[in-house]
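All heavy atoms count here, side chains included; hydrogens, waters and symmetry mates do not. A note on names: the letters A, B, ... follow the listed sequences, proteins ahead of strands, and every chain is numbered from 1.
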Number of protein chains: 2
Amino acid sequence: MHKKVNIKTIAAELGVSPSTVSKALKDSHEIGVETRAKVQAFAKMYNYKPNSLALSLRNQKTMVIGVIIPQITHHFFTRVISGIEFIANQKDYNLMICLSKDEYEKEIQNIEMLTNGSVDGLLISIANETLEKGEFGHFERLLKQEFPIVFFDRIPPGIQADKVIVDDEAGGYNAGKLLLSKGRKKLGIISTPEHVTVGVLRERGFYRAIQEAGAEVLPQFNVKIEEKFDIENQIDQMFTQKEFPDGIFAVNETYAALAMKIAQKRGFQIPRDIAFIGFTDGVISRLTTPTMTTIAQHGHNMGNKAAELVIQRIYEQENDKTPNQTVVISTNIVEREST
Amino acid sequence: MHKKVNIKTIAAELGVSPSTVSKALKDSHEIGVETRAKVQAFAKMYNYKPNSLALSLRNQKTMVIGVIIPQITHHFFTRVISGIEFIANQKDYNLMICLSKDEYEKEIQNIEMLTNGSVDGLLISIANETLEKGEFGHFERLLKQEFPIVFFDRIPPGIQADKVIVDDEAGGYNAGKLLLSKGRKKLGIISTPEHVTVGVLRERGFYRAIQEAGAEVLPQFNVKIEEKFDIENQIDQMFTQKEFPDGIFAVNETYAALAMKIAQKRGFQIPRDIAFIGFTDGVISRLTTPTMTTIAQHGHNMGNKAAELVIQRIYEQENDKTPNQTVVISTNIVEREST
DNA sequence: TTTTAACACGAAAACGGTTTCGTAAGCATA
DNA sequence: TATGCTTACGAAACCGTTTTCGTGTTAAAA
């Protein structure tokens with residue numbers, strides 16, 4: 001690769017010092033008009049652009065925000081990222097995106113890599129394995145250093161930090177209410193294991209709605225999916241009992257879409273026999289047959305908020321820190337054919 | 001934010017020089033064993049990690065690969081990214097992902113930003129607007145400098161460079177052959193405007209299959225979607241004529257899924273009346289009703305290959321350059337219920 | 001006793017910028 | 001003529017590392 005022009009080469013070429021070039025390029029009026037013009041013309045002609053590493057090192061500021069997410073193939077996270085990018089872009093920040101692949105070790109590696117000077121702040125959605133282990137020392141170390149961090153969606157329970165979350169509990173509650181309002185009595189839920197915070201909250205809200213109505217969920221109508229086993233089999237169990245639910249809430253889009261297909265294969269009509277509602281921000285719900293009613297998550301908003309928060313933290317002075325915030329992104333129901 | 005420990009602070013604390021610390025940390029046996037032990041213990045205790053900016057500046061090597069894609073919410077691109085990440089991770093590279101949002105200007109900005117020292121190489125899938133304009137000067141400048149670049153999926157036509165593409169033409173051809181082999185006679189295609197290279201190639205292959213069979217596509221059965229108008233309306237036109245196709249190929253997953261829904265709404269049965277086949281690597285095709293037959297793109301493979309190529313270019317010596325390569329990722333048919 | 005070599009460490013330059021401070025030249029003022 | 005003030009620029013430090021090239025000390029060899 002050919003070397004790019006830098007301030008030194010310009011200086012040598014023009015017979016002035018590097019400092020003169022630097023000042024001339026920013027139109028410092030410390031430098032004579034002729035010299036300024038000469039330097040600027042030369043720089044333009046050779047398409048000079050300052051080296052960002054050198055700038056970052058000098059200014060102790062990279063204008064980069066690190067983002068750590070568990071999986072990039074999850075549509076929700078890509079919505080969040082596009083929201084982050086939208087704000088970052090406005091404020092001249094760039095993104096460095098790392099994937100933890102839901103692994104604790106990779107998450108730690110990513111964090112170490114990013115916090116060694118590469119980024120000014122960090123946006124994190126925690127890996128499943130980390131949540132399962134419950135080990136958050138790597139976050140606490142950074143928080144103690146007052147490194148700017150904002151957690152989003154999957155947050156560390158019981159840790160003081162800035163957070164942006166979806167109102168999962170209320171979303172689950174509204175899903176329950178909606179099914180009940182459609183006259184459904186025997187409700188079911190397709191959920192996730194205990195350590196996945198968001199799943200738990202959605203489930204909790206769902207149960208709250210049901211209790212308020214004086215109803216209950218039969219144990220066999222509560223399926224907690226273990227992703228390491230066959231998902232379709234686990235869902236199918238809900239339809240192989242003598243009784244079957246007439247309204248099902250799934251805590252994510254894929255489970256809901258799969259459940260709809262499986263129910264149809266078992267001969268149930270949607271929504272006549274069973275109504276379905278999913279929790280999602282995805283692209284699938286419009287394309288299923290019938291189209292799926294969902295609790296919309298607004299991942300883009302979440303990204304916006306998270307980016308705003310972290311940038312605010314980055315600019316904050318050492319002396320006047322604002323207290324930690326938790327921003328809640330509220331959901332809303334998008335009613336389609338499945339209810 | 002509290003300052004991190006660096007080599008200087010360690011040196012000062014231990015009463016030795018920065019160079020001694022640096023050497024001690026890499027177990028240089030230029031340094032006495034006691035001093036080495038002392039420095040290493042201190043570094044470990046304070047969790048010292050070298051500043052990556054300083055390292056990059058010094059070594060003229062960032063261990064970062066820049067990726068520019070049009071949209072992160074396109075599932076195909078996220079598959080490619082996860083493929084890129086897989087290889088990059090193995091070779092200790094990190095990713096800096098930028099979004100062009102399919103805009104020419106943003107693409108240029110991204111490139112300028114990334115090539116000012118931030119990355120060692122670049123992986124690019126070109127913005128639609130750039131392809132439309134046909135202006136590739138920003139790429140040619142970099143290629144002339146011999147900056148390591150690999151284009152993937154959406155490539156600049158007629159430019160010498162490393163490229164990784166899906167075998168779109170063959171994919172289209174196979175889609176056509178499959179529909180014909182099912183006895184379909186009146187074929188239709190849902191495609192994209194001319195400037196989207198991949199769409200054109202898929203269409204070309206499709207037509208080749210049809211011509212070989214001595215058949216033809218009626219003009220009203222060729223719909224080129226303009227995304228700025230209502231997509232469903234444009235697709236619907238195919239079903240409002242007196243004649244209708246009995247086999248439809250859509251050049252992407254969303255168009256195919258939408259078309260299936262619209263056809264069903266119009267009362268057609270799939271695949272009895274109309275067979276559908278989509279071009280995709282997505283998550284939707286398993287969840288539609290009926291499930292969708294697709295030409296699978298293997299975005300993950302594409303990401304692998306692209307990353308391997310660019311890393312190879314990065315390590316290449318100035319003297320012995322290998323000639324430009326074009327790697328073709330072949331597709332395969334995944335047959336499901338829609339045919 | 002002198003030379004030589006090994007050992008253990010430090011000074012300084014380099015990566016590519018920015019910024020503070022110093023200073024020579026030119027001119028006006030007393 | 002001596003002093004002060006601009007003007008226009010350069011030297012040098014700094015950001016955090018690495019690495020080359022000394023150099024002073026000690027011990028071994030001559």
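Taking only side-chain atoms of B/Y48, from C-beta outward, the nucleotide of C/dG17, D/dT17, C/dG10 with the closest atom is D/dT17. Nearest nucleotide to the side chain of A/A54, out of C/dA11, C/dG17, D/dC9: C/dG17.
Of all heavy-atom pairs spanning A/I155 and A/T197, the tightest one is O-OG1, 4.2 Å.
When rounded to the nearest whole Å, the span between NZ of A/K38 and P of D/dC9 equals 8 Å. One can place CG of B/L14 at 11 Å from P of C/dG10, the figure rounded to the nearest angstrom. Look at NE2 on B/H29: it is 15 Å from P on D/dT19, rounded to the nearest Å.
Taking the six-membered ring where tryptophan is involved, the planes of A/Y104 and A/H138 are perpendicular, since the angle between them exceeds 60° and thus also 30°.
Between the side chain of B/E30 and the base of C/dC9, at least one donor-acceptor pair of N or O atoms lies under 3.5 Å. Judged by distance alone with a 3.5 Å cut-off, a donor-acceptor contact links the side chain of B/K23 to the base of C/dG10.
Proximity of the aromatic rings of B/H2 and A/F147 is defined here by a centroid distance below 6.0 angstrom, and this criterion is not met. Between A/F42 and A/Y48, the ring center distance fails the sub-6.0 Å criterion.
Contact annotation for B/Q60: backbone-only contact, meaning every heavy-atom pair under 4.0 Å involves sugar-phosphate atoms and none involves a base. Within the 4.0 angstrom heavy-atom criterion, only backbone atoms of the sugar-phosphate kind lie near B/T35; the bases stay farther away.
Taking side-chain N and O atoms only, A/S17 has no distance below 4.0 Å to OP1 or OP2 of D/dC9. OP1 or OP2 of C/dG17 has not a single side-chain nitrogen or oxygen of A/K26 nearer than 4.0 Å. At the phosphate of D/dG16, OP1 or OP2 sits under 4.0 Å from a side-chain N or O atom of B/N6. Taking 4.0 angstrom as the limit, B/S22 places none of its side-chain polar atoms (N or O) nearer than this to OP1 or OP2 of D/dT17.
Comparing B/R58 and B/S19 by the nucleotide of DNA chain C whose heavy atom lies nearest to each, the residue mapping closer to the 5' end is B/S19.
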